[in-house]
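Here the structure is laid out as structure tokens; the discussion comes afterwards.
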Number of protein chains: 4
Amino acid sequence: MQDPQDQTPGDGGDSRPRRPEQTRRRTGGRIRSEDAHEQTLLATAALLEEIGYGRLTIEGVAARAGVAKSTVYRWWKSKAALVMDAYGLAVTQRMPEPDSGDCAEDLRIFVRQLYSVVEHPTRAEALRGLMAEAQLDPEFAPRFTEWVRSRRQVVAALLARGAARGELAADLDLEHAVDLVFGPFWYRLLARHLPLDPADASAHVDRLLAGLRAS
Amino acid sequence: MQDPQDQTPGDGGDSRPRRPEQTRRRTGGRIRSEDAHEQTLLATAALLEEIGYGRLTIEGVAARAGVAKSTVYRWWKSKAALVMDAYGLAVTQRMPEPDSGDCAEDLRIFVRQLYSVVEHPTRAEALRGLMAEAQLDPEFAPRFTEWVRSRRQVVAALLARGAARGELAADLDLEHAVDLVFGPFWYRLLARHLPLDPADASAHVDRLLAGLRAS
Amino acid sequence: MQDPQDQTPGDGGDSRPRRPEQTRRRTGGRIRSEDAHEQTLLATAALLEEIGYGRLTIEGVAARAGVAKSTVYRWWKSKAALVMDAYGLAVTQRMPEPDSGDCAEDLRIFVRQLYSVVEHPTRAEALRGLMAEAQLDPEFAPRFTEWVRSRRQVVAALLARGAARGELAADLDLEHAVDLVFGPFWYRLLARHLPLDPADASAHVDRLLAGLRAS
Amino acid sequence: MQDPQDQTPGDGGDSRPRRPEQTRRRTGGRIRSEDAHEQTLLATAALLEEIGYGRLTIEGVAARAGVAKSTVYRWWKSKAALVMDAYGLAVTQRMPEPDSGDCAEDLRIFVRQLYSVVEHPTRAEALRGLMAEAQLDPEFAPRFTEWVRSRRQVVAALLARGAARGELAADLDLEHAVDLVFGPFWYRLLARHLPLDPADASAHVDRLLAGLRAS
DNA sequence: TCGTAAGCGAGACGGTACGTCGCGTCTTGTG
DNA sequence: CACAAGACGCGACGTACCGTCTCGCTTACGA
């Protein structure tokens, strides 16, 4: 979600930028409890597994974590932000940024990884929940969009390299191409009109490449 | 939402599948108040415009409509179902089922219409809200998926006609092709990484057709 | 509750005087369904047994009786009135009006009968419920008070006969004496500080008579 | 309701037995708002005066007190419990526990005080309402019975002192004697067959004493 | 080494909306 | 007309979470 290096030391690596960016005053005061923090994220993950995003509540997370509600609110401003920290990272941030020298291969790797989310139903549900929340919570939407863009960036770079190498059409519309990678994926994930089968990943990429080469 | 022809006359075009299917017992019982019904839908639409899907509440709808909350609950089992009736119809049901004899032209008409939803921000927000709700409310999800399928059917038929006429590749994968029509649209609508511009509709279709012809 | 002879024929013998007393118009119109009536009272009695006065509802009675709610409302204006018909009669109206020639004996018979209500828990609960309702429903209160007076009358007459025969003090305050018969009974029935034991009836009467003879 | 002496200072004299007995954990947690509490009781009392027990609602009390409904429910589990705190105390707790050395005099004082409730119609109605509620709400009944017993205790003690002093029959049945004090009072209060006149208090006591001396 | 400044648990608070229940009324048939 | 069916407006219910707010206690710096 965030590069590890932009973390204020002692900030736990996952707090949202709610605390003033000006390197935090830090003049005395009890230090943040790493434990409370961790328990919160663990409880969130556990509850996501058990009851799903929709029925997750901050109240419930706090109770499960043995943490005060106010402590949760101190570090995360919404359920979505909490879930994003607890799960988003695990789900997708660790996705590869493949660079094999072969654009088709890179794409294949990336898309396979993308589709593999459905093998972890809770992660898939978390993705759905985050997307849903982004529609309903105007404060969360920009943060989600930003995350989407960061994911797009990986694919865009990958395609740009391919185009530079001449593997793809020169006049490629990058943004549109990236939409063709993610669009059908999200659509199936959300609309559920057909199952999202990791086995389809290859076919998806093949058809994609056909279009991108011709252009 | 529903085929216009399966409407019982005087049933307002929005009957819920809650009442026993078809012929409704109809032996005694006060007849359903067309007025209460209509007022509810109008209030829903009005509030959608004013405060948006996220802040819409059944309580608020009932109050605005001058209708008892229990009456709303009698006919709609969730906010999403209510919005679907109040808005879904207006939003998409009236979309065309073009059949000009030219597949490319048909697609263009359909997609243009699809993209035009963003010219009505409230409708766009309603669409987003419904999709979000489908992720959060397991009871609503199937109903939404069904509606998605009905929309897909229109495009599938259109493409099938084109394939039969030889305008498209014979070995066309229909489902995947339909995903390419709707996927990028929904993706942009929901993720907001880039604006959804009706002017892009043509380009979208052109690229689509290129792929579908080659296959 | 009412003498059988004051019934308009065809009026079922237990309807409350809601219909005008002027021997009912009776000019065409469907005749009152004896069956609906009876089923209502039976359902009331059954539900009293099962769930008690407190949780009894007119809605529930109607459903159980297979009768329309409006039919219940047509003949009884409140739950209390309904219960009074369904149960009150059985509970207390059939109590004896003893006249053995011996005032002490008469009292003993009467009080024993009074206390025996606790052997029928449902009846006891109905009595409690009616008393409670009389406190909460101003419309029902007078009807209940009237019934109380009718019960008092029996005892008053009994005592008056005794006084005339010289078995009791001549300067007896009748109303107060009757209060001493019913007061402690109701008090124990309602306050539940001590169980109401039919075996106590004799002791109650004995102490009572001691006081009434001396005066 | 409770002995005045077992009140934690600042606890308003009306603490519910809902919180763990005695010393309350008191490790963290916002302190209970004495103000919210007091406003609730005041609003209850005010509404009792204005609309009476029957039409009192918790919803209404909360609104009037400017307090959240959930706060009311946190401290009182039913309307009856609320009224008992708001009014019961005022009505009867402050009743005297006379000990003049003369049993007859003590009784007279007590009964006069008892009858005087009818001079405050709202209190009388509250008493009726509480008794009614005790019949209808099984959860409340024991609490009410307990209160009744505490009131009886006062009279029992008074009579026991008299008996010890030889003012009353030695073989006095205390429980029955107490029933004779309260029974007729409640009976008249509830059944309304005759008005409850404070002027009758003396006569009531006189007749009572006659019986208790003779026994 | 002490005071000041957090962080933390607990949990009460004012709110908002929920979804349900029963009321008593009404509007439809049908008999 | 009575009756069944059942929809309607209404009002309150009791619950669930929200996000905020004291509390008392603990921890860590910096003066």
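Below, read A as the first sequence line, B as the second, and so on, with proteins coming before strands; counting in each chain starts at 1.
- Rounded to a whole Å, the NZ atom of K79(A) is 16 Å from the P atom of dA16(F).
- Annotation: side chain to side chain contact (heavy atoms under 4.5 Å, CB included) contacts of A65(C) (sequence neighbours excluded): Q39(C), T40(C), A43(C), V67(C).
- Between the side chain of R30(B) and the base of dG6(F), no donor-acceptor pair under 3.5 Å is found.
- For E139(D), the salt bridge (Lys or Arg N to Asp or Glu O under 4.0 Å) partners at least two apart in sequence or on another chain are K77(D).
- Rounded to whole Å, atom C1' of dT20(E) lies 15 Å from atom NZ of K77(B).
- For W76(A) and dG19(F), the CH2 to P distance is 15 Å, given to the nearest whole Å.
- Here the side chain of T71(D) is nearest to one of dG19(E), dC13(E), dC3(F), namely dC13(E).
- For the contact set between residues 47-70 of chain A and DNA chain E, defined by any heavy atom under 4.0 Å, the members are G66(A), V67(A), A68(A), S70(A).
- Checking Y53(B) against E133(B) by side-chain atom types alone, a donor-acceptor pair falls below 3.5 Å.
- Whole-Å rounding puts the E34(D) CD to dC21(F) P distance at 21 Å.
- Side-chain nitrogen and oxygen atoms of R74(C) include at least one within less than 4.0 Å of the OP1 or OP2 phosphate oxygen of dC3(F).
- Summarising the geometry, the separation between NE2 on H37(C) and C1' on dA2(F) is reported as 12 Å, rounded to the nearest angstrom.
- When the salt bridge (Lys or Arg N to Asp or Glu O under 4.0 Å) test is applied to R64(B), the partners found at least two apart in sequence or on another chain are E50(B).
- Relative to the side chain of I31(B), the nucleotides dA6(E), dT15(F), dT28(E) differ in distance, and dT28(E) lies closest.
- Residue Y73(B) contributes atom OH, which lies 16 Å from atom C1' of dG9(F) at whole-angstrom precision.
- Between D137(C) and R55(D), no side-chain nitrogen of the basic residue sits less than 4.0 Å from a carboxylate oxygen of the acidic one, so the salt-bridge criterion is not met.
- The distance between atom CD of Q39(D) and atom P of dC13(E), rounded to the nearest whole Å, is 13 Å.
- Every residue meeting the salt bridge (Lys or Arg N to Asp or Glu O under 4.0 Å) condition with K69(A), not counting sequence neighbours, appears here in chain and number order: E59(A).
- The salt bridge (charged side-chain N to carboxylate O under 4.0 Å, His left out) analysis of residues 36-46 of chain A, with sequence neighbours excluded, yields no pairs.
- Residue W75(B) places at least one side-chain N or O under 4.0 Å from the OP1 or OP2 atom of dC8(F).
- Between D137(B) atom CG and dG19(E) atom P there is a gap of 9 Å when expressed in whole angstrom units.
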